[in-house]
Amino acid sequence: MRKRARSLIASSILVLVAATASEADRSPIDLKSAVERGLPALELNGFQEGVPWDTLGAALPTAGLLARMAHYGVPGLGIAVVQDGAVAWAEGYGVLEAGREAPVTRLTRFEAASASKAVTAVAVLRFVDRGLLDIDADVNTLLTSWNAPENEHTGAHKVTVRRLLTHTAGINRPDGGFSVEPGSAPTTAQVLRGERPAVNTAAAVEFIPGSMHQYSNMGYVILQLLLEEAGGKPFPELMEDEVFLPLGMERSGYETEAGGARGSDFPRHHGADGEPLESALFPGALAHGGLRTTPADLARLIAEMSACYRGETAGLLSPRIVRAAFSAERRFSPDGFLGFAAQGLGVFLLQTDHGPCFCHPGHNMPGATCFYFGFPETGQGAVVMTNGVRGLELSFEVLCAIASIYDWPSIRVQSS
């Protein structure tokens, strides 16, 4: 996620302190209409640091969803809502590309961007659950085609699966992002080495593993290689077998096309003025941001993770490991990372009056966004995905509306 997107989240995440819903006993179709009709008209980009979040949301003007999309220059948007432990509804709005008529539908596959990390983490946790990966082992004892560079930071403390999942392994981001030589498809190991045809800074250990939190896309590329070697198959195929097929996520996949390639049903990215732009997905580095999915598919995963947490299914993961994933590995101060309360295993956490909330934002350059929330104890949640650079701002409005209408658990404001 780029700097502006991170700043936006940091200055507005706690807008989601939810009001008690007066419409929570209405039918799903009525609630869907309520979300479409009235959104809190928040000018999030105009907020200043230090806004008292607990005073917001009481008497805000409202505007319809399509009007707010136009306000933010976001041509297309998808929503899915989880209620009572299942996907209550999913819908698409707007168009795949500004100036064209092809509509966004409930089947439209958006880029999940950095929310892809949370899905990658599910496969990692499945391997840990089955004893195929040791979550606290030095990754250099697990990998054969590449090793994390040893230096002055790695003497007593090593890069581990747990630290990679929680952005505490000391791995660089990397600077300059990921790219490839035109028409090429580097291996994951070539990406990690910064070796052509990959065009990126090599993976490096920049501080003592475990000593601090540093958000790292490259750390999830290491997890990608761990999965490929432990599972004996390419990452997209492994994710299909481990996550998508078991959950019926039929419209989900980690893409392998070279830079900018897209299918006819994929939304275009859009810039600040609503101008169409090309995707910047590249092969080789997929685990951190290469998922294309629908809001409904991602909502199915939210519902399954929540059910596993509650011990109501013998499905994807054991209750033990899901509860560990939704426990704080590293807590943040109120002015810490993006306004979240803590880092879990592959997800960010907020505390509510009904247990934890797990969530993950995403922003792919130049203009695609995703944000999801799950409340495992109540079986609620939502996904919002867009094809516009200002999509996170719009997503906060949509999520606030859903939180209010569906009576989400109140998020606890952290005290200083």
Classify the angle between the aromatic ring planes of F348 and Y215 as parallel (below 30°), tilted (30 to 60°) or perpendicular (above 60°). parallel
Looking at every non-hydrogen atom in both residues, tell me the closest pair between V81 and I402 and how far apart they are. CG2-CD1, 4.0 Å
Taking every non-hydrogen atom, the tightest pair across P376 and P356: CD-O, 3.1 Å
Least distance between heavy atoms, D138 atom then T160 atom: N-CG2, 4.3 Å
With a 4.5 Å limit on heavy-atom distance, are the side chains of P75 and N387 in contact? yes
Under a 4.5 Å cut-off applied to non-hydrogen side-chain atoms, are H153 and S211 in contact? no
Begin from the C-alpha positions of W408 and T352 and carry the test side-chain contact (heavy atoms from CB on, under 4.5 Å) through to its verdict. CA-CA 9 Å; W408 278 3; T352 80; over 6 Å; no
Shortest non-hydrogen contact from H270 toward L277: C-CD1, 4.1 Å
Could you tell me if the side chain of V221 sits less than 4.5 Å from the side chain of M218, heavy atoms only? yes
Check whether any side-chain heavy atom of V95 sits under 4.5 Å from a side-chain heavy atom of V104, and report yes or no. no
Could you walk me through whether K117 and N217 pass the side-chain contact (heavy atoms from CB on, under 4.5 Å) check? CA-CA 9 Å; K117 294 180 177 69; N217 290 328; 2.7 Å; yes
Under a 3.5 Å distance rule, please check whether R330 uses its side chain to pair with a backbone N or O of G210 as donor and acceptor. yes
Begin with the C-alpha distance, continue with both residues' side-chain angles, and end with the deciding distance and a verdict on side-chain contact (heavy atoms from CB on, under 4.5 Å) for D297 and V383. CA-CA 10 Å; D297 268 10; V383 183; over 6 Å; no
Kindly indicate, with the supporting measurements, whether the criterion salt bridge (Lys or Arg N to Asp or Glu O under 4.0 Å) is fulfilled by E91 and R106. CA-CA 5 Å; E91 191 59 85; R106 66 185 308 276; over 6 Å; no
For residues 198-206, please give each side-chain donor-acceptor pair under 3.5 Å, one per line with the distance, not counting sequence neighbours.
unit_1 : atom_1 : unit_2 : atom_2 : d
N200   : ND2    : V191   : O      : 2.9
T201   : OG1    : D175   : O      : 3.3
E206   : OE1    : Q214   : NE2    : 3.1

Could you walk me through whether K233 and E228 pass salt bridge (Lys or Arg N to Asp or Glu O under 4.0 Å), step by step? CA-CA 5 Å; K233 61 185 71 173; E228 289 174 338; over 6 Å; no
With the side chain counted from C-beta on, respond yes when L142 and V161 share a heavy-atom pair under 4.5 Å apart, and no when they do not. yes
State yes or no: are the ring centers of Y220 and H167 separated by less than 6.0 Å? yes
Nearest heavy-atom contact between L96 and P103 is CG-O, 3.8 Å
Go through the steps to decide whether T166 and E329 satisfy the test side-chain hydrogen bond (donor to acceptor under 3.5 Å, both in side chains), and finish with yes or no. CA-CA 7 Å; T166 58; E329 290 280 332; 5.3 Å; no
Looking at side-chain heavy atoms only, is the closest gap between L349 and F358 below 4.5 Å? yes
Quick one: are Y254 and S116 in side-chain contact, heavy atoms under 4.5 Å? yes
Does one side chain, of T144 or E229, offer a donor that lies under 3.5 Å from an acceptor on the other? yes
Are I171 and L164 close enough, and set up right, to give a side-chain contact (heavy atoms from CB on, under 4.5 Å), and what steps lead you there? CA-CA 8 Å; I171 304 297; L164 291 170; 3.9 Å; yes
Would a distance-only check, ignoring hydrogens and angles, find a side-chain to backbone donor-acceptor pair under 3.5 Å from Q224 to L286? yes
Could you tell me which non-hydrogen atom of V82 sits nearest to which non-hydrogen atom of G379, and how far apart they are? CG1-O, 3.5 Å
Kindly indicate whether the side chain of P197, heavy atoms from C-beta on, has any atom under 4.5 Å from the side chain of Q190. yes
With distance as the sole test, does T108 use its side chain to make a donor-acceptor pair with the main-chain N or O of T105 at under 3.5 Å? yes
I'd like to know if the side chain of D353 and the backbone of S410 have a donor-acceptor N/O pair within less than 3.5 Å. yes
Run the salt-bridge test on R268 and E275 with the 4.0 Å N-O cut-off and return the result as yes or no. no
Could you go through residues 338-345 and list every donor-acceptor pair under 3.5 Å that involves a side-chain atom there, pairing it with any protein atom two or more places apart or in another chain?
unit_1 : atom_1 : unit_2 : atom_2 : d
Q343   : OE1    : H213   : NE2    : 3.0
Q343   : NE2    : V347   : O      : 3.0

